[in-house]
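Read through the structure below, which is laid out as structure tokens, and then see the notes.
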Amino acid sequence: MERYSRQILFSPIGEKGQRTLQYKHALIVGAGALGSANADMLTRAGVGRLTIVDRDYVDWTNLQRQTLYSEEDAEKGWPKAVAAKRRLTAVNRDVHVEALVMDVQDESFTSLFEQQIDIMIDGTDNFETRFLLNDLSQKYRIPWIYGACVGSYGLSFTIIPEETPCFRCFVNHLPSYHLTCDNVGIISSVVQMVAAYQTTEALKILVGDVAKIRRSLVMFDVWQNEHRFLRVDKLKNEHCPSCGRDRTYPALHREKAKMSVLCGRDTVQIRHGHPFRITEMMEHMKTSGQQVHGNEYLLMTQLEGHRVVLFADGRMLVHGTKDVTFARSLYQKYFS
Amino acid sequence: MERYSRQILFSPIGEKGQRTLQYKHALIVGAGALGSANADMLTRAGVGRLTIVDRDYVDWTNLQRQTLYSEEDAEKGWPKAVAAKRRLTAVNRDVHVEALVMDVQDESFTSLFEQQIDIMIDGTDNFETRFLLNDLSQKYRIPWIYGACVGSYGLSFTIIPEETPCFRCFVNHLPSYHLTCDNVGIISSVVQMVAAYQTTEALKILVGDVAKIRRSLVMFDVWQNEHRFLRVDKLKNEHCPSCGRDRTYPALHREKAKMSVLCGRDTVQIRHGHPFRITEMMEHMKTSGQQVHGNEYLLMTQLEGHRVVLFADGRMLVHGTKDVTFARSLYQKYFS
Amino acid sequence: MIRVLLFAYIKERLGTEEVVLHEQQMTVRQLRERLQHEYDLQTASSLMIAINEEFATNDDIIHAGDVVALIPPVSGG
Amino acid sequence: MIRVLLFAYIKERLGTEEVVLHEQQMTVRQLRERLQHEYDLQTASSLMIAINEEFATNDDIIHAGDVVALIPPVSGG
């Protein structure tokens, strides 16, 4: 407990709050910029258990803002969840960190909800996943904390089932066009500010200081010196299919696409349906003269001028294209 | 440059701004919570050169909010500047990081100002050092960014010589009583928010986007959901001894105390006047049966029930006391 | 007169920090239509809209003197 | 009536989020004295004081209807 002395001195947490944190379980969905920053703060704060879910691996362009990762992680191409766990364990061995390299669209993600989860932190980079989190939050009555940012602009809102409007009450359809870090860029300070709001709300919820939970949406632009809190009560929609009286949880019943273009990534993801036997394949490709490298979680190679990554969990990424037909043809030719 | 692609896409920085950053030199004074967070962001952003000055070593109670450090740093008792440099170099080898284990009250700190410094970031934990930075900022015309936090409350303001009020215009005397992390605690999210403001302002200044520099003081409380920008123009005082017409730079002429009680640390610092020969002393103490450990920068031991740390630069810390007379007697008995 | 404040990419799209509409009153839905047609803002239907610092729904009415904020939802993270 | 908003430890010291003073006008200096004597706030002389979101100096005058904020400078970092 000595290591948390400054946090225990903070009276809204105190010794009682600190002990409470040890028994809590936070689910962090996405280990990119927001996921990194939140996971680091919650680990240092001594939350007992963290589950980190991410489908991607560390890339050089991530290092500018994804604070858990170092050059070595990018060089080795570690999956983000794995690299995150390594750093977090070095920072606080008392926190039990579970690292899951998977796509949240997979069945195994939903099965996580069979256990107790006290809070979900939004570290995702797309609306589709947020609609899924939102429905899971409502179904299992788990608060979640929306956070998003692009450029120098950020938003955050705390969603408490049965109390606040839900994410679908705010954003009732998938925006046809939206900005991501990949088209308008991002600076690291806006990430840290969104994450600071998310972690603060998470701590309030975990220690049970419900009176202090922020009931407004916060919106800011750090470069433009804008900062506003906007009241949200009117948005609570009793006809909302996620949080209203007659719920259908639409995001839980969506057909999972076998192929998908990753948001603003110039990358197509294909689901193989079965795990890939990475080590065996890597061996085999090497002996046949193919340039390949990787680790026990994934394999990277070059096929017809495109970087291709296979994950042990059965996903294939084709970088440098948004053409699903082309990506499928590569997949069929080499791996199906 | 590829690794900065998301920052280059952010139009107020762009390719031109990114190239400019490579030629800039930031001085970070203090490598505690704010210093850590700022140094991490500026390193990831690709600022060409960072100088980090800190007099302390990594302690277990720092890990809750000082994001550059891991358990190993606390176990080994590395000086913060040295541990910071190690992590930052792993994060971005292209940034030239200079780590200086020293007290800013020492002469050698002032001599840093013989070189070009483009920005100073406040990562200190006391008012006395801030008055010193403020006078150096005015004398050498270097902008500096005040940041401070306790509990869940934070403040930041950007001080531009010849333009804005200076720190002494705000706080015209050393407050007789003030709060530190050591008496009311602190949570990590307020640190990240203050640092997010500091780094954003630093980037605006370094890339030359002067129109966007925030001209107000920002004050917030993340737990209480407060956030305000306060206009400052009236505070510019033409009789200010630091930034007014007749300047005396009082903080540059203060007698350096040989002994000082570290702010809220229950620790007395004594200046030996000469360097300590750490390795030799450690060897000597070990052979005489004294329990001692350390590294090339410092030596830790137990004397008369108090933890004592000697730094190679000639400082001695006596922990667990505020009694200067007692600390001096220990010093004289064993080391003078 | 209704002041409409713009944030993030909307500000850059329209090249201004705010738009002034000379109306006595209009619904949020009418504002969306006007933004889409008159200002060619294709994303108008997915913007979140606040009147005097409070989010509003499509049927809410904006009166002269109100300050409206257009908040684009974003997905980065 | 002058509303005085409290932040950080001042709020906890006085056990309230705001204090209301029934004055037509007073200087910032007079406010400091009153905080020190009437509210036993020993740190009153080192507080930063803002009137209607703008920092004020000791000779500035606070009028009825103004909102005053007491901002404690802090040194942690």
Side-chain angles (χ1 to χ4, degrees), chain A residues 2-13 37 40-41 44-46 60-61 63-67 69-72 74 87 90-93 151-152 181-193 195-200 203-204 209 212 214-216 218 222-225 227 229, chain B residues 2-13 37 40-41 44-46 60-61 63-67 69-72 74 87 90-93 151-152 181-193 195-200 203-204 209 212 214-216 218 222-225 227 229:
Chain A
E2 165 64 10
R3 69 189 288 161
Y4 308 116
S5 65
R6 300 308 185 274
Q7 190 165 281
I8 290 171
L9 277 169
F10 178 65
S11 59
I13 295 183
D40 191 51
M41 283 189 271
R44 291 178 187 276
W60 286 90
T61 66
L63 299 180
Q64 169 251 348
R65 66 197 178 284
Q66 304 190 8
T67 53
Y69 312 125
S70 64
E71 291 186 345
E72 199 196 337
R87 172 72 181 163
V91 155
N92 192 347
R93 70 186 82 169
S152 52
C181 320
D182 303 286
N183 49 40
V184 293
I186 188 156
I187 52 175
S188 64
S189 52
V190 73
V191 171
Q192 295 300 324
M193 196 170 286
Y197 274 117
Q198 291 180 295
T199 288
T200 308
L203 291 175
K204 291 175 188 174
D209 195 355
K212 295 298 183 191
R214 182 171 35 73
R215 297 301 177 131
S216 56
V218 61
V222 287
W223 203 273
Q224 305 288 341
N225 310 311
H227 208 102
F229 296 113
Chain B
E2 165 63 11
R3 67 190 285 160
Y4 308 116
S5 66
R6 300 307 186 273
Q7 191 164 281
I8 289 170
L9 277 170
F10 177 64
S11 60
I13 294 182
D40 191 51
M41 282 188 272
R44 292 179 186 276
W60 287 90
T61 66
L63 299 180
Q64 169 249 349
R65 66 197 178 286
Q66 305 190 9
T67 53
Y69 311 125
S70 64
E71 291 186 345
E72 199 197 338
R87 172 70 180 165
V91 155
N92 192 348
R93 71 186 81 170
S152 52
C181 320
D182 302 286
N183 48 40
V184 293
I186 188 157
I187 52 174
S188 65
S189 52
V190 73
V191 170
Q192 294 300 325
M193 196 170 287
Y197 274 118
Q198 291 179 296
T199 289
T200 307
L203 290 175
K204 290 175 188 174
D209 195 355
K212 295 298 184 191
R214 182 171 35 74
R215 297 302 178 131
S216 56
V218 62
V222 286
W223 203 273
Q224 305 287 343
N225 310 312
H227 208 103
F229 296 114

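Sequence lines set the chain letters: A, B, ... in the order given, protein chains first and strands last, and positions in each chain run from 1.
Of the inter-residue distances, the one linking M193(B) atom CE with M193(A) atom CE reads 5.5 Å to the nearest 0.5 angstrom. Here the CH2-OG distance, from W60(B) to S5(A), works out to 13.0 Å after rounding to the nearest 0.5 Å.
Proximity of F229(B) to H227(A): side-chain heavy atoms (C-beta onward) are separated by under 4.5 Å at one or more points. Considering only heavy atoms from C-beta on, Q64(A) comes within 4.5 Å of I186(A) through its side chain.
Interface check for chain A: of the options I13(B), I187(B), L63(B), D209(B), the most heavy-atom pairs under 4.5 Å are formed by L63(B). The candidate from A37(B), S152(B), A195(B) with the greatest count of non-hydrogen atom pairs under 4.5 Å with chain A is S152(B). Considering only heavy-atom pairs separated by less than 4.5 Å from chain A, the leading option among Q198(B), Q224(B), K212(B) is K212(B). Ranked by non-hydrogen atom pairs under 4.5 Å with chain A, the options N92(B), I8(B), T199(B), T67(B) are led by T67(B).
Between the side chain of Q7(B) and the backbone N or O of A45(B), at least one donor-acceptor pair lies under 3.5 Å.
Interface remark: Y69(A) contributes backbone atoms only to the contact with chain B (heavy atom separation under 4.5 Å). In this structure, the portion of R87(A) lying under 4.5 Å from any heavy atom of chain B is its side chain and not its backbone. Looking at S216(B), there are no atoms closer than 4.5 Å to chain A (heavy atoms on both sides), in backbone or side chain. T200(B) touches chain A through backbone and side chain together, each having a heavy atom under 4.5 Å away. In this structure, the portion of D40(A) lying under 4.5 Å from any heavy atom of chain B is its side chain and not its backbone.
Scored by the side-chain hydrogen bond (donor to acceptor under 3.5 Å, both in side chains) test, Q66(B) finds K80(B) as partners (sequence neighbours excluded). Annotation: salt bridge (charged side-chain N to carboxylate O under 4.0 Å, His left out) contacts of R3(A) (sequence neighbours excluded): E71(B).
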